[in-house]
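Notes for the one structure printed next.
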Amino acid sequence: MSDECLFCKIAAGEIPANVVYEDDDVVVFEEINPQAPHHLVVIPREHIATLNDLEPRHEALFGKLATTATKLAAERGFDSAGFRLVVNCNSAGGQTVFHIHMHLLGGRSLTWPPG
Ligand code: AMP
Ligand code: ZN
């Protein structure tokens with residue numbers, strides 16, 4: 001846990017969020033500024049700042065972010081229609097919170113390329 005990290009504080013329950021799923025490894029909560037009808041943020045409990053900080057020991061945990069997201073897409077009924085998982089990295093990638101996270105966006109047709 002990083003003392004100054006917003007998402008560590010959400011994972012620890014120190015800052016409120018609309019948590020929709022959690023287990024020993026991951027926490028999922030509603031995005032505060034949703035960009036689609038369904039927009040969830042999927043984080044590991046472990047503080048990993050960016051994609052650049054992933055190590056081989058994180059491979060299963062990072063995979064679990066994706067499988068957790070896809071389960072939630074199925075539960076919410078937009079898996080077949082399609083959805084998007086996004087991980088932003090550093091400033092050119094649009095990252096604003098430096099605790100690695102996967103955005104799950106669904107419920108509308110998403111355009112490509114992104115902005
Ligand atoms: P990124 O820009 O990829 O780093 O994504 C960080 C996301 O976290 C942004 O889309 C923010 O809107 C979102 N966010 C920031 N604070 C909160 C919060 N307290 N609860 C939910 N989402 C948040
Ligand atoms: Zn953190």
Side-chain angles (χ1 to χ4, degrees):
M1 160 127 185
S2 168
D3 285 349
E4 297 309 315
C5 174
L6 174 66
F7 285 178
C8 280
K9 288 179 178 170
I10 288 177
E14 292 171 8
I15 287 179
N18 291 324
V19 174
V20 300
Y21 176 81
E22 62 183 318
D23 63 25
D24 288 346
D25 304 311
V26 305
V27 181
V28 186
F29 51 90
E30 302 274 0
E31 161 67 50
I32 205 167
N33 181 24
Q35 301 301 311
H38 297 271
H39 189 171
L40 300 176
V41 180
V42 185
I43 68 168
R45 286 192 186 276
E46 179 178 347
H47 181 83
I48 303 164
T50 79
L51 283 173
N52 294 333
D53 300 297
L54 280 175
E55 297 174 7
R57 69 184 176 87
H58 294 128
E59 284 170 4
L61 180 60
F62 192 75
K64 188 166 177 179
L65 300 181
T67 55
T68 301
T70 55
K71 273 186 211 160
L72 286 161
E75 279 175 23
R76 290 171 179 232
F78 59 89
D79 54 333
S80 308
F83 59 92
R84 190 170 291 169
L85 298 181
V86 175
V87 183
N88 298 323
C89 181
N90 279 342
S91 61
Q95 187 174 9
T96 58
V97 177
F98 290 87
H99 178 127
I100 205 167
H101 52 279
M102 204 170 267
H103 295 261
L104 168 60
L105 297 140
R108 69 172 173 86
S109 288
L110 300 160
T111 57
W112 192 263

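Counting convention: from 1, in listed order, for ligands and their atoms alike.
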Can you check whether P44's main-chain N or O pairs, donor with acceptor, with H99's side chain at less than 3.5 Å?
yes
Tell me, do R84 and Q35 make a side-chain contact under 4.5 Å, heavy atoms counted?
no
For G93, does its backbone N or O pair with a side-chain atom of N90 as donor and acceptor, under 3.5 Å?
no
Under the 3.5 angstrom rule, does the side chain of H58 hit a backbone N or O of L54 as a donor-acceptor pair?
no
Please name the atom of H99, limited to N, O or S, that comes nearest to the Zn ion (ligand 2).
ND1
Backbone of H38 reached by a side-chain donor or acceptor of R108 within 3.5 Å
no
Check whether T70 reaches the backbone of T67 with its side chain - one donor and one acceptor, N or O, closer than 3.5 Å.
yes
Atom of H47 nearest the Zn ion (ligand 2) (restricted to N/O/S, atom name only)
ND1
Taking any residue with a non-hydrogen atom under 4.0 angstrom from an atom of ligand 1, which ones do you get?
L6, F7, I10, F29, E30, E31, I32, N33, N88, G94, Q95, T96, V97, H101, H103
Is it true that a side-chain atom of E31 and a backbone atom of A36 form a donor plus acceptor pair closer than 3.5 Å?
no
So the angle subtended at the Zn ion (ligand 2) by C5 atom SG and C8 atom SG, rounded to 10 degrees, is 120°
